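A quick write-up on the structure given underneath.
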Amino acid sequence: MGPRVRFAPSPTGYLHVGGARTALFTWLYARRHGGTFVLRIEDTDVERSSTDMVAGILDGLRWLGLDWDEGPEAGGPHGPYFQSERLVRYRAAAARLVAGGHAYYCYCSTERLRDEREKAEQCGEAWQYDRACLALPPERIAKLEAVAAPRAIRFKVPATRTAFDDAIHGRIEFDPRGIEDFVVLRSDKYPTYHLSVVVDDVDMAISHVIRGDDHLSNTPKHILLFEALGATSPVFAHVPLILGADKKRLSKRHGATSVTEYRRQGYLPGAMVNFLALLGWSPGDDRELMSVTELIESFSLEGIGGGNAVFNTEKLDWMNGQYIARLPVEELTAAVAPLLIDAGLWPNVGVDLQVRPADAWLHRLVDLLRPRAKRLTEFVDLARPFLTDTVEYEPEAVDQHLSVPGLGGHVAALAATLRTLDPFDEPRVEAAVRGTAAERGIKAGVLIHATRVAVTGRLASPGLFEVLVLLGRERTVERLERVVNLLATRT
RNA sequence: GCCGGUAUCGUCUAGGGGUCAGGACACGUGGUUCUCAGCCACGGGACCGGGGUUCGAAUCCCCGUACCGGUACCA
């Protein structure tokens, strides 16, 4: 039996990169050890949760390739996997705690608690629940019950020290005096986070809890609950948080925080996974570009560092570029095509494509463009000159390369040569361009640059001869002649 | 405030009582070249501060500082 681990997001927002990384670590751990990855939706906060958010989170996980063995849509023997459907269990557990003397009813009003806290705060002190309801006389309780006074259930924190060995941080101890008698079941009969996680982790037989560092301080409460419920605590591993460039907790201010957003911006799931895996975790050697298989093989909780990590978009960009460079053409094209379609650039091709297989041509284009793209979305702009016949000339390009004296004649000569060139392949096109330049007594570079501007309108493009061949003879000649005319009108 | 965590190039990190403190991103220089990108080579750049322990500390211990998290009838 392998370990049972879980990822338990609350659907109050989209899948955050921090959550995604926690999910990734958890998933890697399960896959590494032949365990079970459970997905549980913590939607007890009905007000803030929504089914749209759930769908978004599932989509995000699927996009990253993090498949779950048990959970929404997958089912499993420990369901239901939505906390909102498990309320009876929490209430039963809370009742059991009361019955066992581990918890007690609390009738204190939120106003009173708030006032006490404020009062203490004014004196610069922290206030902890004073156990006012722990020793309520029976007749007082009877009276309160008679009027059905709202009551919450508080956990009676024992005076023993709690300690545990965190898989990432090592031994951690807590003084019980720092922990107040926290509420486990609210007066509205909804559980607090502490109760629901523990009950669910027990029910779902979770062996390892891998979660964000922000839960480290809650862990003693959870351990106390596991004990009170008669269960053994799972192994805990608290992974450090992801910060923004200013070392503050990553938030909208830092730009994109949801994986959906990164997907939209043109990042490949493989790159995202690879990048996230290396944020806070290291295989122990110098490897950086790692396939999912390699990640699984090398993953261990010990490899996770103790400190928070800054989300470095530049490195993500680099890594994405690496993935774009390595992805098989078919896959890359399949990923890019929808973007071209959305931009209205495809299918929308010139005459040449009537005789060429369109997909093969697109493959060549994508291949030509890929070393220049860090994100998929960049393909749209890069591909534009190839997919539309309206050449937009960049002013600087025109200034720099089309204002050469006598250029019209040179370009016209090149157009004439190319018109009859057959076959129209790279070596011949190159020879034609260089030959024309030589005949006309100008440097090849001058003609090359002018031609580039003529056919793409831009200062930069892939290698010119490859561009011309891909464009085809007719479109090349047509664009060259357009420039010849342009230059003629100008002078 | 109290409790907990963390601290190696700007960033992600490896390492760990004796190393030229290694790699990657970013940056700089050069090469390839028709431009850009890419690719290749080279370069600058770090052990938070102070005390201990030790022949020797960046590494172990303590204190401090900074940052992060928690301190709710949020999760």
Side-chain angles (χ1 to χ4, degrees), chain A residues 8-10 12 42-45 47-49 83 106 108-110 113-114 117 120-121 123-129 150-154 166 168-170 172-175 177-180 182-188 190-194 196-197 212-220 238 240-241 243 245 247-249 275 278-289 303 305-319 321 325 369-374 382 397 400-401 430 433-434 437 443-449 451-453 456 458-465:
Chain A
S10 74
T12 53
E42 307 216 322
D43 57 350
T44 14
D45 190 339
E47 300 288 299
R48 295 196 292 149
S49 301
Q83 290 195 328
C106 173
C108 295
S109 68
T110 37
L113 298 172
R114 197 216 317 123
R117 239 176 273 280
E121 202 176 318
C123 310
E125 274 161 47
W127 187 77
Q128 288 191 348
Y129 183 64
R151 61 180 196 190
I153 294 179
R154 282 183 188 273
D166 189 274
I168 293 166
H169 297 282
I172 294 172
E173 295 188 38
F174 285 90
D175 190 322
R177 281 171 297 188
I179 309 167
E180 71 172 349
F182 53 95
V183 170
V184 291
L185 197 73
R186 301 189 285 203
S187 51
D188 63 3
Y190 274 80
T192 59
Y193 167 74
H194 306 304
S196 55
V197 246
D213 239 354
D214 46 342
H215 289 298
L216 194 52
S217 313
N218 292 325
T219 306
H238 289 95
L241 271 21
L243 312 177
K247 305 221 173 192
K248 298 277 185 250
R249 197 177 177 153
F275 175 75
L278 257 24
L279 250 196
W281 173 79
S282 156
D285 51 43
D286 287 340
R287 283 177 296 167
E288 295 268 348
L289 290 170
N308 294 339
V310 173
F311 192 94
N312 184 189
T313 312
E314 280 160 353
K315 186 151 183 177
L316 206 212
D317 281 345
W318 166 77
M319 194 165 273
L369 263 21
R370 68 158 115 201
R372 289 163 182 77
K374 289 203 187 299
L382 290 169
Q400 286 180 41
H401 300 300
E430 175 159 8
V433 174
R434 293 194 188 280
K443 284 206 255 180
V446 172
L447 190 56
I448 287 171
H449 289 137
T451 305
R452 166 172 296 109
V453 178
T456 67
R458 305 193 180 174
L459 231 28
S461 83
L464 183 72
F465 313 120

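What you see is a predicted model, and the numbers here were worked out from it, not measured in a lab. Lettering of chains follows the sequences in order, A, B, ..., and the numbering in each one begins at 1.
Residue order along RNA chain B, read from the 5' end via each residue's closest nucleotide, puts A:Gly306 first among A:Leu316 and A:Gly306. If you find the closest nucleotide of RNA chain B to A:Ala460 and to A:Gly170, the one lying nearer the 5' end belongs to A:Gly170.
The nucleotide whose nearest atom lies closest to any side-chain atom of A:Asn312 is, among B:G38, B:G10, B:A24, B:G10. In this structure, the nucleotide among B:G5, B:A24, B:A37 sitting nearest to the side chain of A:Ile172 is B:G5. Nearest nucleotide to the A:Val310 side chain, out of B:A26, B:G23, B:U11: B:U11. Among the nucleotides B:G38, B:C25, B:U35, the one closest to any side-chain atom of A:Lys374 is B:G38.
Within 4.0 Å of A:Phe174, counting heavy atoms only, lie sugar-phosphate atoms of the nucleic acid but no base atom. Within 4.0 Å (heavy atoms only), A:Leu278 reaches sugar-phosphate atoms of the nucleic acid but no base atom.
Ring-plane geometry between A:His215 and A:Tyr193 is classed as parallel, the angle between the planes falling under 30 degrees on a 0 to 90 degree scale with a further cut at 60.
Close to B:C34, at under 4.0 Å from its OP1 or OP2, lies a side-chain N or O of A:Arg434.
No more than 12 heavy atoms of other residues, nucleotides or ligands sit less than 6.0 Å from atom CZ of A:Arg177.
A:Glu288 and A:Lys315 are joined by a salt bridge, as a carboxylate oxygen and a charged side-chain nitrogen come within less than 4.0 angstrom of each other.
If you check the side chains of A:His238 and A:Asp213, you find no donor sitting under 3.5 Å from an acceptor.
Interface remark: the A:Glu288 side chain does form a donor-acceptor pair with the B:G23 base, using a distance-only criterion of under 3.5 Å.
For the pair A:Arg154 and A:Tyr129, the cation sits on the ring face: its NZ or CZ lies under 6.0 Å from the ring centre, inside 45° of the axis.
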**OP:** Assign a letter to each nucleotide of nucleotides 65-75 of chain B from its 5' end: B, base within under 4.0 Å of a protein heavy atom; S, sugar-phosphate only; -, no contact.
**Re:** ---SBS-SBSB
Strictly under 3.5 Å: I want the nitrogen or oxygen pairs between protein and nucleotides 42-48 of chain B, one per line.
none

